[in-house]
Amino acid sequence: MSAAPMTEGVSARFLELHQGDAPLLIPNPWDAGSARVLAWLGFDALATTSSGFAATLGRADGSVSRDEALRHAASVVDAVEIPVSADLENGFADDPGAVADLVLAATDVGLAGCSIEDFTGVTVAPIYEPGLAVERIAAAAAAAHSGPRHIVLTARCENYLHGRVDLADTISRLQAFQEAGADVLYAPGLTSAADIRAVVESVDRPINVVLMPDGPSVAELKEIGVRRISVGGSFAWAAMAGLVEAARELRESGTTEFFAAVASGRAAVGAAFAD
């Protein structure tokens, strides 16, 4: 199998984090403030969440534009001093050349990494056919690994998020993305330990898994050989749940039990934003 080219600077440090004794825990902030809090808590790298960011704009996932995603990624990069990878959805284009242009733009905002998925955005045919899917990742990889600044490319197979529960096809696509030059591979939606192990053993790139309540724990994913663990929009939804609970208490009972969580939140923000 072909080897992924090494990257430089912050991207090299980011790639090295995938080779530690334990999986890289890479939480997903939804804005600059949450990014600073997560960095203050000691995480080594961050990744943006398309769904969490869309929620800050009052929109559903998949409704953010290319330029909005890049501006959001830049704001997170500027907020912290650790590597940041961006969820760039499907590259906001079908054409491989346009996807490559987006990856080049991602390097310009200082990102250490980015992900490109094979979801078309079209309900009746949600996944790109294999040939075009590979062409898109090959173009993205060429852009990610050329020029004065490099970026770690994560290639995503979206089968399991869109009703295509086909492990063989998922593995085939990830293997093809590896050969096309991806640095990290990701098939969100996998929850079976056996399926995740099959993916890990079928490739020689680091595998990212999104942590799920019905899936393996961090310790179990480590034993399987997973190299990176993210949470998607879950932290954003947890924060939103806190808002809903506090607001309902205010509106429905007028009591102040929600203040029990206020002090720790205020203290965390004060410490994270102190510098």
Side-chain angles (χ1 to χ4, degrees), residues 1-29 38-39 41-49 82-88 103 106 111-118 137 140-141 144-145 150-161 167 170-213 215-235:
M1 295 181 177
S2 59
M6 287 300 295
T7 54
E8 300 173 352
V10 66
S11 294
R13 295 197 297 276
F14 181 44
L15 198 57
E16 288 168 3
L17 290 171
H18 294 72
Q19 306 300 331
D21 293 334
L24 170 63
L25 300 180
I26 185 166
N28 304 88
L38 291 168
L41 286 168
F43 289 98
D44 293 318
L46 303 174
T48 67
T49 160
I82 57 177
V84 176
S85 184
D87 178 349
L88 296 182
V103 173
L111 284 161
C114 69
S115 64
I116 299 293
E117 61 196 39
D118 61 1
I137 294 302
H145 303 144
H150 293 178
I151 192 168
V152 175
L153 176 66
T154 298
R156 294 176 45 153
C157 174
E158 302 288 292
N159 274 343
Y160 278 68
L161 294 186
L167 183 62
T170 296
I171 288 174
S172 176
R173 285 172 176 268
L174 293 177
Q175 289 173 333
F177 295 163
Q178 172 178 294
E179 294 297 333
D183 301 292
V184 180
L185 303 171
Y186 182 17
L190 289 172
T191 57
S192 160
D195 289 350
I196 295 169
R197 187 183 299 277
V199 169
V200 169
E201 293 177 350
S202 71
V203 297
D204 63 7
R205 296 287 187 273
I207 293 292
N208 184 98
V209 169
V210 63
L211 199 64
M212 301 289 286
S217 67
V218 169
E220 290 167 332
L221 290 171
K222 175 183 177 181
E223 188 278 328
I224 289 170
V226 170
R227 304 308 311 144
R228 190 172 86 190
I229 299 171
S230 58
V231 296
S234 296
F235 280 8

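Numbers for residues simply follow the sequence, beginning at 1.
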Hey, does [Y] have a side-chain heavy atom less than 4.5 Å from the side chain of [X]?
X    : Y    : value
Q19  : P206 : yes
L38  : F235 : yes
V152 : S85  : no
Y160 : T191 : no
L46  : P27  : yes
R156 : S115 : yes
H18  : D183 : no
L167 : V199 : yes

For the side chain of [X] and the backbone of [Y], is there at least one donor-acceptor N/O pair under 3.5 Å apart?
X    : Y    : answer
Q178 : D204 : yes
R227 : G20  : yes
D87  : T48  : no
Y186 : I116 : no
R205 : L185 : no

Please report the interatomic distance [atom1]([X]) to [atom2]([Y]), rounded to the nearest 0.5 Å.
X    : Y    : atom1 : atom2 : result
K222 : D21  : NZ    : CG    : 7.0 Å
E201 : I224 : CD    : CD1   : 9.5 Å
H150 : F14  : NE2   : CZ    : 16.0 Å
I151 : L15  : CD1   : CG    : 12.0 Å
I207 : S202 : CD1   : OG    : 6.5 Å
L25  : R228 : CG    : CZ    : 11.5 Å

Heavy-atom closest pair, residues [X] and [Y]:
X    : Y    : value
I26  : A47  : CG1-N, 3.6 Å
V210 : G189 : CG1-N, 4.3 Å
L211 : P216 : CD1-O, 3.7 Å
A144 : L153 : CB-CB, 4.2 Å
N28  : G232 : OD1-N, 2.8 Å
I137 : A180 : CG2-CB, 4.0 Å

> Is there a salt bridge (Lys or Arg N to Asp or Glu O under 4.0 Å) between E223 and R197 once you walk through the steps?
Replying inline: CA-CA 9 Å; E223 188 278 328; R197 187 183 299 277; 2.8 Å; yes
